[in-house]
Chemist: 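Let me give you the structure first, and then I'll get to my questions.
Quantities reported herein were computed from a predicted structural model and do not represent experimental measurements. Hydrogens, waters and symmetry mates are skipped; everything else that's a heavy atom, side chains included, is used.
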Amino acid sequence: MEEFQMELLERLASGVDPSTGEAFGAGSPYQRPEVIRALYAALEELRQKPRIERDPNRPARAGQPWTEEEEQRLLEQFDAGDKEPEIARKLNRTPGAITARLVKLGRIDAPPNFRFTESAA
């Protein structure tokens with residue numbers, strides 16, 4: 001789990017809104033003792049869990065949010081006739097991510113049996 005996500009959970013467990021820094025009101029579920037205990041227990045488990053090593057064969061940008069610049073490069077390369085595997089290699093993404101982004105951007109129709117989820121968006 002990334003450091004940012006751990007920090008977010010710690011703030012929630014402390015009864016603080018992570019986006020505003022303000023304490024949650026008395027009626028908030030994050031102020032209920034059982035929720036606070038559950039969040040702290042989850043954090044403790046996560047801290048003790050050994051980190052999973054990243055697959056060295058996985059592209060460096062796999063799973064990362066897309067930037068506008070990357071989308072622009074994707075569209076330029078696609079319009080130039082490059083195929084998804086070649087674009088994936090150039091952008092350090094998986095071929096599936098390239099296909100999902102092209103579908104999202106309306107450049108191609110989703111292939112049959114292609115699983116497109118919101119996380120790909």
Chemist: Sequence neighbours left out, what passes side-chain hydrogen bond (donor to acceptor under 3.5 Å, both in side chains) with Q48? Give chain and number order.
Modeler: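 Per chain and number, Q48 pairs via side-chain hydrogen bond (donor to acceptor under 3.5 Å, both in side chains) with E44.
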Chemist: Under the ring-ring contact (aromatic ring centres under 6.0 Å, His included) definition, can you give me all pairs with a residue in residues 79-110, not counting sequence neighbours?
Modeler: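 Every candidate ring-ring contact (aromatic ring centres under 6.0 Å, His included) pair involving residues 79-110 fails, so no pair, neighbours aside, qualifies.
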Chemist: Could you note down all residue pairs passing salt bridge (Lys or Arg N to Asp or Glu O under 4.0 Å) where residues 11-20 supplies at least one of them, sequence neighbours left out?
Modeler: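 Applying salt bridge (Lys or Arg N to Asp or Glu O under 4.0 Å) to every pair that reaches into residues 11-20, excluding sequence neighbours, yields E7-R11.
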Chemist: May I have the step-by-step check of salt bridge (charged side-chain N to carboxylate O under 4.0 Å, His left out) for R101 and E70, ending in yes or no?
Modeler: CA-CA 10 Å; R101 187 54 46 161; E70 282 180 307; over 6 Å; no
Chemist: Under 3.5 Å, side chain of R93 to main-chain N/O of A88, donor-acceptor pair present?
Modeler: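 No, R93 side chain to A88 backbone: no donor-acceptor pair under 3.5 Å.
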Chemist: Would you mind listing every side-chain hydrogen bond (donor to acceptor under 3.5 Å, both in side chains) that reaches into residues 23-36, with sequence neighbours excluded?
Modeler: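 Passing the test, one end in residues 23-36: R32-E34.
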Chemist: Measuring from atom CH2 of W66 to atom CG of L105, what distance do you get when rounded to the nearest 0.5 angstrom?
Modeler: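 These two atoms lie 8.0 Å from each other.
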Chemist: What is the distance from atom CD1 of I98 to atom CG of L91, rounded to the nearest 0.5 Å?
Modeler: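 With rounding to 0.5 Å, CD1 (I98) is 5.0 Å from CG (L91).
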Chemist: With sequence neighbours excluded, give me every ring-ring contact (aromatic ring centres under 6.0 Å, His included) pair touching residues 76-105.
Modeler: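 ring-ring contact (aromatic ring centres under 6.0 Å, His included) check on residues 76-105 returns no pairs.
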Chemist: Which residues pass the salt bridge (charged side-chain N to carboxylate O under 4.0 Å, His left out) test with D109, not counting sequence neighbours?
Modeler: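 Result, salt bridge (charged side-chain N to carboxylate O under 4.0 Å, His left out) vs D109: none returned.
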Chemist: Does the pair T67 and R61 meet the rule for a side chain to side chain contact (heavy atoms under 4.5 Å, CB included), with working shown?
Modeler: CA-CA 11 Å; T67 65; R61 295 281 304 149; 4.3 Å; yes
Chemist: Can you list everything that forms a side-chain hydrogen bond (donor to acceptor under 3.5 Å, both in side chains) with Q72? Sequence neighbours excluded, please.
Modeler: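 If we apply the side-chain hydrogen bond (donor to acceptor under 3.5 Å, both in side chains) test to Q72, skipping adjacent residues, the hits are E76.
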Chemist: Please report the interatomic distance OH(Y40) to CD(E10), rounded to the nearest 0.5 Å.
Modeler: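 These two atoms lie 8.0 Å from each other.
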Chemist: What's the spacing between T99 OG1 and K104 NZ if we round to 0.5 Å?
Modeler: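 These two atoms lie 15.0 Å from each other.
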Chemist: Any donor-acceptor pair under 3.5 Å linking the side chain of S14 with the backbone of V16?
Modeler: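 Not confirmed, S14 side chain does not pair with V16 backbone.
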Chemist: Can you list every ring-ring contact (aromatic ring centres under 6.0 Å, His included) pair that touches residues 82-101, not counting sequence neighbours?
Modeler: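 Found none.
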Chemist: Kindly write out the residues that satisfy salt bridge (charged side-chain N to carboxylate O under 4.0 Å, His left out) with K90, not counting sequence neighbours, or none if the list is empty.
Modeler: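 In terms of salt bridge (charged side-chain N to carboxylate O under 4.0 Å, His left out), with neighbours along the sequence ignored, K90 is linked to D82, E86.
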Chemist: I108 and I87: same hydrophobic cluster, using ILVMFWY side-chain contacts below 4.5 Å?
Modeler: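 Same cluster.
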Chemist: Is there side-chain contact between P85 and R89, with heavy atoms separated by less than 4.5 Å?
Modeler: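 When only atoms from C-beta onward are counted, R89 and P85 do not touch, as no gap falls below 4.5 Å.
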Chemist: Are L12 and I36 linked, directly or through other ILVMFWY residues, by side chains that come within less than 4.5 angstrom of each other?
Modeler: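 Both belong to a single hydrophobic cluster.
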Chemist: When rounded to the nearest 0.5 angstrom, what is the spacing between CE in M6 and CG in L46?
Modeler: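 Result: 5.5 Å between the selected atoms.
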Chemist: By salt bridge (charged side-chain N to carboxylate O under 4.0 Å, His left out), which residues pair with R107, not counting sequence neighbours?
Modeler: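 Here the qualifying residues are D79.
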